[in-house]
K.L.:
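Just passing along the structure, written as structure tokens.
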Amino acid sequence: MWTVRAVRLDDLDKLETLIHSATRGLTTLQLSREQILDRIEQSVFAFSRHGRSTKDEPYVLVLADDESDELVGTSTIYAKTGGFQPFYSYRLVTKEHHSNSLGVSHRRQSLVMNREHDGPTEIGSLFLRGTYRGQGQGRWLSLSRFAVIAARRTRFADRVIAEMRGTADADGRVPFWDAVSGRFIPVDFATADAMSTVSKEFIEALMPEHPIYLDLLPQSVRDSIGKVHEETKPAVAMLLAQGFTMTDEVDIFDAGPVLNCTTDAIDAVQRSHLHSVLRIVNSEPEAQGQQRMIVSSDHCGFTSILKTLADDKLILTFAEAALLGVDIGSNCRLTPVDQ
């Protein structure tokens, strides 16, 4: 049976294998074994602690086959950006300039470095093996993050952002990096982007303080600002349907857009609710309804299954109840998959 659950310490080998199968374009997953272990340990602590306050910690989810323990997908919630190391982005600023003597006006756009110390929650690091895409697994893996947020609302900020992957050439080169950021940070794009998930010290040390004027950039680079990679378009569409909107911010490395939504306005968070288990049966009952739900519990941090419920009646099989760690009368969280 498939589950989306909190990562465990004994997932290290399998998670390392999974994320190293990701394309180099997914640079937030290009981590060393030591960095992966550190992220797992932080996540295990985050899911196990009882405090209600928001802290700078990752919540790592994995899509797993409960029988074989194979991992085929992962996603992460970063509870709070900023803090000791600020959250960096470029803000697109437009100003009107006018010369009386020449009688001309000019609209000038620039990218201004934005630093946010008391930043929002961020969702990211979503990856699903290609053979499992297009079957609803990716949507389950993505929306499960909102089930986690709804269940632990005080642990997360009042705003959630998502930095979307920017455009890249057919050979994997990133136009914005080559023309702008890579001129100041003398390493390759993948190295810088991956390191930024561990330490952002080099951004403050190496990136320029002054605005970047778009008039000085090639048109092809200007056209890439705020645009997403072709493979990222479905993820953007899903987040927009959840209530996210485009902002005037872009990623400082690939100029991909930053999406934003008030946490309590996210559709899946709003519609997520607790429901008690009505019955536990030997075999799956025939579902009369068409409402697909993520059914989750906080047993072992977070465990969820995907079910089609009939009239919002929560009937589980014994196998499902065992996975979720629940019994008749126990509360589970239901998060709609479809809108």
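By convention here, the first residue in the shown sequence is residue 1. Model, not experiment: these values are computed from the prediction.
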K.L.:
Side chain to side chain donor-acceptor pair (under 3.5 Å) with S89: which of E116, E249, E163?
P.N.:
E249
K.L.:
Using 4.0 Å as the upper bound for N to carboxylate O, is an ion pair formed by R107 and D215?
P.N.:
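Not counted as a salt bridge, because no side-chain N and carboxylate O are separated by less than 4.0 Å.
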K.L.:
Is K227 salt-bridged to D223, going by a charged N under 4.0 Å from an acidic O?
P.N.:
no
K.L.:
Hey, what do you get for CD1 (I77) to CZ (R152), rounding to the nearest 0.5 Å?
P.N.:
8.5 Å
K.L.:
Before accepting this row, confirm whether a basic side-chain N of the pair E209/R115 lies closer than 4.0 Å to the acidic partner's carboxylate O.
P.N.:
yes
K.L.:
Check whether the side chains of R155 and Y59 place a donor and an acceptor atom closer than 3.5 Å, and report yes or no.
P.N.:
yes
K.L.:
Treating S110 as the side-chain partner and T94 as the backbone partner, does any N or O pair qualify as donor plus acceptor under 3.5 Å?
P.N.:
no
K.L.:
Output all residues satisfying ring pair (Phe, Tyr, Trp, His ring centres under 6.0 Å) with W140, sequence neighbours left out; order by chain, then residue number.
P.N.:
none
K.L.:
With no hydrogens and no angle check, is any side-chain donor or acceptor of H20 less than 3.5 Å from a backbone partner on L18?
P.N.:
no
K.L.:
When you look at F156 and V148, which way does the side-chain contact (heavy atoms from CB on, under 4.5 Å) test go after all the steps?
P.N.:
CA-CA 10 Å; F156 301 94; V148 172; 4.1 Å; yes
K.L.:
Apart from F45 itself, which Ile, Leu, Val, Met, Phe, Trp or Tyr residues share its cluster (side-chain heavy atoms under 4.5 Å, direct or through members)?
P.N.:
none
K.L.:
Between S304 and S296, is any side-chain donor less than 3.5 angstrom from a side-chain acceptor?
P.N.:
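There is no such pair (donor and acceptor under 3.5 Å, judged by atom type) between the side chains of S304 and S296.
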K.L.:
Hey, does the side chain of T247 reach the backbone of V258 with a donor-acceptor pair shorter than 3.5 angstrom?
P.N.:
yes
K.L.:
When you measure from the side chain of Q85 to the backbone N and O of E201, does any donor-acceptor pair fall under 3.5 Å?
P.N.:
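Confirmed, Q85 side chain pairs with E201 backbone.
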K.L.:
Counting N and O atoms only, with roles assigned by atom type, does the side chain of E16 sit under 3.5 Å from a partner on the main chain of I36, one being a donor and the other an acceptor?
P.N.:
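Checked: no pair found.
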K.L.:
Under 3.5 Å, is there a donor-acceptor pair linking the side chains of D254 and H229?
P.N.:
no
K.L.:
Has the side chain of S142 got a donor or acceptor atom that lies under 3.5 Å from a matching backbone atom of G138?
P.N.:
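No: the side chain of S142 does not pair with the backbone of G138.
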K.L.:
Quick one: list whatever passes ring pair (Phe, Tyr, Trp, His ring centres under 6.0 Å) with F87, sequence neighbours left out.
P.N.:
none
K.L.:
May I ask you to say whether D13 pairs ionically with R33, meaning some side-chain N is under 4.0 Å from a carboxylate O?
P.N.:
yes
K.L.:
Hey, mind stepping through R153 and D264 against salt bridge (Lys or Arg N to Asp or Glu O under 4.0 Å) and telling me if it holds?
P.N.:
CA-CA 9 Å; R153 179 62 189 85; D264 293 330; 2.7 Å; yes
K.L.:
Would you name the heavy atoms of V180 and F184 that are closest together and state the gap between them?
P.N.:
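Result for this residue pair: O-CD1, 3.3 Å.
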K.L.:
What is the minimum heavy-atom distance between S272 and P336, and which atoms define it?
P.N.:
N-CD, 4.3 Å
K.L.:
How close do S196 and I203 get, counting heavy atoms only, and between which atoms?
P.N.:
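Looks like CB-CD1, 4.4 Å.
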K.L.:
Would you say that F302 contacts S144 through its side chain, given a criterion of any heavy-atom pair below 4.5 Å between the two side chains?
P.N.:
yes
K.L.:
So does R8 get a backbone contact from the side chain of D11, meaning a donor-acceptor N/O pair under 3.5 Å?
P.N.:
yes
